[in-house]
Amino acid sequence: MTDFRPQQLDKKWQQQWASSKTFEVDEDASRTKFYCLEMFAYPSGYAHVGHLRNYIIGDVMARAKWMRGFNVLHPFGWDAFGLPAENAAIKTGTHPETSTLENIAHMKGQLQRLGISYAWEREIATCLPEYYKFNQWIFLKMLERGLAYRKRSTVNWCPSCNTVLANEQVIDGACWRCGTIVVARDLEQWFFRITQYADELLEGLESLTGWPEKVVVMQRNWIGRSEGARVTFPVAGTDAAIEVFTTRIDTIYGATFVLLAPEHPIVDRFVKESADAAFRERVASFRALDREARRDGKEGFDTGRSALNPFTGEEVPIWIANFVLAEYGTGAIMAVPAHDQRDFEFARKYTLPIRVAVQAGNEAVTVETMTEASTNYGRLVDSGDYTGQEAPAVITRMIADAGKRGIGTGEVQYRLKDWGISRQRYWGTPIPVVHCEKDGVVPVPYTDLPVELPKIATFTGLGDSPLAQASEWVNVKCPACGGPAKRETDTMDTFVDSSWYFLRFCDPGNTERPFDPAAAAYWMPVDFYVGGVEHAILHLLYSRFFTRVLRDIGLVDFDEPFTRLLTQGMVLNNGAVMSKSKGNVVDPDDMLAKYGADALRLYVMFVAPPEKEIEWSDAGLEGSFRFLVRVWRLVDHWAETIGGEAIPECGDDCTDTERAVRRKAHETIRRVTTDIEDRMHLNTAVSSLMELVNELYSFSDGTARGAPTRVEAQVGVMERTQTIAVLREAIDALVLMISPFAPHTAEELWHMLGHAGGLAAAKWPSFDPKVARADQVVVPVQINGKLRARVKAPADASEDQLSEIALADATVRTYTTGKTIRKVVVGKGPLVSLVVQ
RNA sequence: GCGAAAGUGGCGGAAUUGGCAGACGCGCCGGACUUAGGAUCCGGUAGCCGAAAGGCUAUGGGGGUUCGAGUCCCCCCUUUCGCACCA
């Protein structure tokens, strides 16, 4: 008996994989590629077991694919720029670069101790100039194409992080990272024109059949396409006009007032022209409200002005309302209280007129009786020439008429905004432009890339942009005129880094371009992508955007970067997500010291399907460890006896028991293979392997103490070459199939079984349906819907034969004698169902 | 409020297309081996009735379709997640 010492095996095989470069790959046109990727990590310095789950999921997939003959790219890297390192520098004085590189080294060690099969020579870190040079390269390309542009705009400012946030980084009016309430601030910013791709990003979702529906829906909602019309309402008594966006132009005869966002530009004019100090104040106080406060209730006030409804010619009052969003549509709406719930509430609150313009449904809607807005489409009433016509056709007609009369036009609006990428931070990619007094914004020439981050010694956390302090770096000659100029001191949002890193892995050493298009053509798209659902919108949408931009630049020739997406569930402990502050983290190194990497890997895969959240359990881990010990003992027990035997041909000379073991082995191969490859049910794959082990134990009873086994107790049974061959086949298959989950143990066992060469070179076992098929099947018999008997039948029995056998059965006959058999159904399974009366 | 997913033993979870509900594991109970067992092996373990054979009841609740429903349809309850004035 050889002892199972997982810690030694971990070390031995990890060294072996590293020294023989087992997982390093090259393009090979003769082989089918498989690109398996887990979302790269922010190097916080320490990963608890909750962080490790998706790497294990990816590794199981990668290793299984490897054995199935694919050329597997399985790389890893670091999302290494970002706020936490800079915040730490402010606190401790440690330079972000120092702490980041240390953190990377530590976390890399953690992943290596888990035995994840990464092609480490492709490792990338976004904070290195070799990488971010190409953030800058892509930025310049986008600038050339008008996809990167500058605009002055109100942005979200986090007073705590001292930086601008993208819309997507604001959650419920608060900073996504620190939770501080965001305030508005006006700054000159860089934007990526993602809205130019809005329709394409939306349509592309249709093709993402390998993504969870949930994520597709979230993206669709985020893009938020809506078709409608822009209609012009002239302001009475002036040459000005207010444009509104509406999806319900069919209700325009019911528009009884116009609402403006407090920030709407025309409000400035009203304020300027107004002598009323109270009016000014109300405007100012409305503008000061954050999103949170505006949600509390619908508030508004009259501007004293009125607008002309271009369809009716009627004058309607103009109000300012807190719930009208300045950043959506035109920042102004026509209010139709009869047919919009929000307008209805507003009208009732301020007793503004309500007028019905559409009748939907059977019961007529009247202003007097309605208690809520009637929002369904229907037949128009009191709508001039359009009266009696029906939506949606009338909408098309009204938009066309508005166009002819020059009072409106069809328009599509998106909830999606252009992506603000400027960050007033140090630890990020410098934006490669200079500001020249004479030439304005001048791009840094490609030949001068990368614009390297200067070393800054002290981090105060005060001021707008830390880079502004590095005066030697800031002051440069203008690339265009040679005169004095200043570098841009903002850095890029780190989501830029992560929007194309998966492409860099295809060719991480390229110094001329982000990557070689030929390499990307071979490896991309990513076949299997694993990561947290928290990236369902931002990272995944930006990556889809970047992929299209790079396509238009000519670097890739596909649209969608990720074919199949798996969003793994979180790991909870004591009902909560693991976090240091909650004090419920489980340290992987503790677990490795106690049980080894394989038990940890196996447990995390077995306890629940990958996309579900799991609750950490020491007892569960212990159970997985026990299972590995069982496997170890089984193989150890038989290794010598069964060495060198060929795969059996189980003919008539095999016993029933032998045939049963072969059947179980092949059935397990079938189940594990489909569970891993088709269904991603890794938990049931493991349970199938456990069943096989149980079967082999009852066959061979491989106890630790060498107690007489059942098989050995039968005289002469071990002389049967068939027995040995059957065991050999089953045990080989077991070790092969367990290897993606428990690679260290499997490598050692494979070696013990006398196989030359590592498992990565071994072939996944193949399933033989002929072997898996039983000669006899047990057929359940239902009588009036209740299970009453089981009968034995030949596996290839026809439906008629099955009914015959069932009806002849003694138990069945106790239910049928003296009664009429009304119906006999033979179902899949097979199964016989009788209706008896 | 809108949208999505889910609800199965003491627990985590199985059940692939409508076909034997509870695989597999944890826990618990019993046995074997033992000076000992928290090691290992074997067996049992949804609930109720029964000595047993067996029967009855069970997949959040209520209806329906079907020879047959955890699975499909309708209504309701609960939980989780996402979105939340997007005109």
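Since the model is a prediction, treat every value here as computed from it, not as a measurement. Just so it is clear: chains get the letters A, B, ... in the order the sequence lines come, proteins before strands, and each one is counted from 1.
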Handout entry: More than 12 heavy atoms of other groups within 6.0 Å of A/Met570 CE
Key = no

Exercise for the section: Would you indicate what A/Phe344 reaches in the nucleic acid, counting non-hydrogen atoms under 4.0 angstrom: base, sugar-phosphate, or nothing? Expected result: nothing

Exercise for the section: Can you tell me, in whole Å, how much space there is between the P of B/G1 and that of B/A58? Expected result: 33 Å

Practice task
Take the angle between the ring planes of A/Tyr603 and A/Trp616 and call it parallel below 30°, perpendicular above 60°, tilted in between.
Solution key: perpendicular

Exercise for the section: Looking only at side-chain atoms of A/Ile333, point me to the closest of B/G12, B/C26, B/A87. Expected result: B/A87

Completion exercise
Checking B/C83, B/U17, B/C26 against the side chain of A/Arg626 (C-beta onward), the nearest is B/C26

Exercise for the section: For the residue pair A/Tyr414 and A/Asp199, confirm or rule out a side-chain donor-acceptor distance under 3.5 Å. Expected result: yes

Exercise for the section: Classify the ring geometry between A/Tyr350 and A/Trp319 as parallel (under 30°), tilted (30 to 60°) or perpendicular (over 60°). Expected result: tilted

Practice task
With the side chain of A/Glu691 defined as its heavy atoms from C-beta on, choose the nearest nucleotide among B/G25, B/A23, B/C42.
Solution key: B/A23

Exercise for the section: When you get a sec, tell me which of B/A87, B/A14, B/G18 is the closest nucleotide to the side chain of A/Lys828? Expected result: B/G18

Problem - Separation between the P atoms of B/U57 and B/A21, rounded to whole Å - result: 13 Å

Exercise for the section: Looking at every strand, decide which applies to A/Pro830 at a 4.0 Å heavy-atom threshold: base, sugar-phosphate, or nothing. Expected result: nothing

Exercise for the section: State whether A/Arg788 places a side-chain N or O below 4.0 Å from either non-bridging phosphate oxygen (OP1 or OP2) of B/C56. Expected result: yes

Fill in the blank from the handout: From the candidates B/A87, B/G19, B/C56, the one with an atom nearest any side-chain atom of A/Ser833 is B/G19

Completion exercise
Whole-Å distance, A/Leu628 CG to B/U40 C1', equals 16 Å

